[in-house]
2 protein chains.
Amino acid sequence: MIAIPLLEKYNGIIKNYQSGDIIFEEGKQPTHYYQIISGEVKMNNYNDEGKEFIQGIFYKNQCFGEPPLFIDQVYPANAVAVTDSELIIITKDKFFELLKNNSDISLAIIKNLSQRLYYKSVMAAEISSQDPEHRVLRLIDYSIEQLNFKKEEAGFLINFTRQQIGDLTGLRVETVIRAIKSLEKKGDLKIINRKVYR
Amino acid sequence: MIAIPLLEKYNGIIKNYQSGDIIFEEGKQPTHYYQIISGEVKMNNYNDEGKEFIQGIFYKNQCFGEPPLFIDQVYPANAVAVTDSELIIITKDKFFELLKNNSDISLAIIKNLSQRLYYKSVMAAEISSQDPEHRVLRLIDYSIEQLNFKKEEAGFLINFTRQQIGDLTGLRVETVIRAIKSLEKKGDLKIINRKVYR
DNA sequence: ACCATTTTATGACTTAAATCATATAAAATA
DNA sequence: TATTTTATATGATTTAAGTCATAAAATGGT
């Protein structure tokens, strides 16, 4: 998103997280802008029974957790490192200063938020009213489009576990496994030693 | 969102829609920026079986449908007038010109998108994993916070039909009616001649 | 190389919400 | 005012996805 040298100019500091580390928590006041240098971060919620819902998974060069910064609200979800990750963060004040002095960044932020809102709109409609197979396939297609999944001879390798697909679509693992099996039978995707290709 | 005189300066034109009129359709290329002068607009999708999902309802002074404009994608949902409505619209080109010449508007757009993303995050987690009563109550509380529902002696009047609550939460009318009844019994809200107060 | 954990997998059973049917009240319209 | 349409309401039934149990393969750490 934002060039690292520019972030460093605004007192950007580098932080390292281990897989599973919590970066920030739901309900807490936002204080920084976060951008991924390397690794993988998910934002999630837990419902009253402890079931996880993954709001999104973020990768290299992506930022996450800005909306509450702009609207003075607490975080609506947690941010957790999925793998060991290196992040660069700057304070809220410095972030606004940076924005003020770099009008092109505003447009980048707008585009990024628009992209995320688009994903949420698509998935909201899916989750609320489509059947499991439809939901899973949509998530897969959207992810191929947006994330950099590798194209192999068998097709795009879907780099999600069944559990992650479940947590992203609001389904249980068993349901995802069954949906994927059924989609394979219909020829909509391939399973080659447990890995999913589309 | 954007002052009407400013929109007029950028060739803004006023359009009138009757209740039920389609403003734009899912899958179509976006061409304009839309802002409500008066009336009420919903964005929605229909699933394969024709069930409606309402992405959001928009009121006076609010804009809608910009994200696809910024990311060069087709509309992810339809926009439909819920009541007779008066809108002001400007072309995509003029909108970008306006943004370029008015840097303060960029921040307003960012805040608006952040607010909508926040709503989507909260509702996504609700819809995917909370029970009907929880979902309905969350929608109601969020709507009180964001929309200008009138405060009366009995509490805030929830200006939604049961069907609209269903379409916003991914539930069926009957389920919403039962959830609301149950929430009333628990004292979480009031029903006074069929109207819901919180 | 071994053990613990995670991931994928499948069958049997349960359950919560959807569906279907029907009714009445309220609002809109002719 | 009468009539159609929309919104709220409730009971009975169905069903799709969740839950539970169990297992085997794959992965990761020591």
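So you know, we letter chains A, B, ... as the sequences are listed, proteins then strands, and number each from 1. Predicted model only: the values in this text are computed from it and were never measured.
- Rounding to whole angstrom units, CD of residue Glu52(B) and P of dA7(D) are separated by 11 Å.
- With ring centers used as reference points, Phe149(B) lies 6.0 Å or more from Tyr197(B).
- Between Arg162(A) and dT8(C) there is a side-chain polar atom (N or O) within less than 4.0 angstrom of OP1 or OP2.
- Between Asp167(A) and Arg172(A) there is no salt bridge, since no side-chain nitrogen of the basic residue lies less than 4.0 Å from a carboxylate oxygen of the acidic one.
- Whole-Å rounding puts the Arg172(A) CZ to dG11(C) P distance at 21 Å.
- With rounding to whole Å, Ile192(A) atom CD1 is found 17 Å from dA26(D) atom C1'.
- Each of dT10(C), dA18(C), dA9(D) was ranked by its minimum atom distance to the side chain of Lys181(B); first place goes to dA9(D).
- Nearest-nucleotide positions on DNA chain D place Glu174(A) closer to the 5' end than the other of Glu174(A) and Lys195(A).
- Separating the CD1 atom of Ile127(A) from the P atom of dG18(D) is a distance of 12 Å, rounded to the nearest angstrom.
- If you take CG of Leu171(B) and C1' of dT19(C), they are 14 Å apart, rounded to a whole angstrom.
- To the nearest angstrom, P of dA17(C) lies 13 Å from CD of Glu126(B).
- Using a 4.0 Å heavy-atom cutoff across all strands shown, Gly170(A) reaches sugar-phosphate atoms only and no base atom.
- Atom CG of Asp48(A) is separated from atom C1' of dA16(C) by 16 Å (rounded to the nearest Å).
- For the pair Lys151(A) and Phe156(A), the distance from NZ or CZ to the six-membered ring centre is under 6.0 Å and the angle to the ring normal is within 45 degrees.
- Spacing between atom CD of Gln163(B) and atom C1' of dA26(C) amounts to 17 Å, rounded to whole angstrom units.
- Comparing dA17(D), dT10(C), dA9(D) by their closest approach to the side chain of Ile177(B) singles out dA9(D).
- If you check the side chains of Lys42(A) and Gln164(A), you find no donor sitting under 3.5 Å from an acceptor.
- Residue Thr175(A) has no polar side-chain atom (N or O) positioned under 4.0 Å from OP1 or OP2 of dA17(D).
- Closest-nucleotide positions on DNA chain D for Arg194(A) and Gln130(A) were compared, and the one nearer the 5' end corresponds to Gln130(A).
- The number of heavy atoms from other shown groups lying within 6.0 Å of NZ (Lys111(A)) does not exceed 12.
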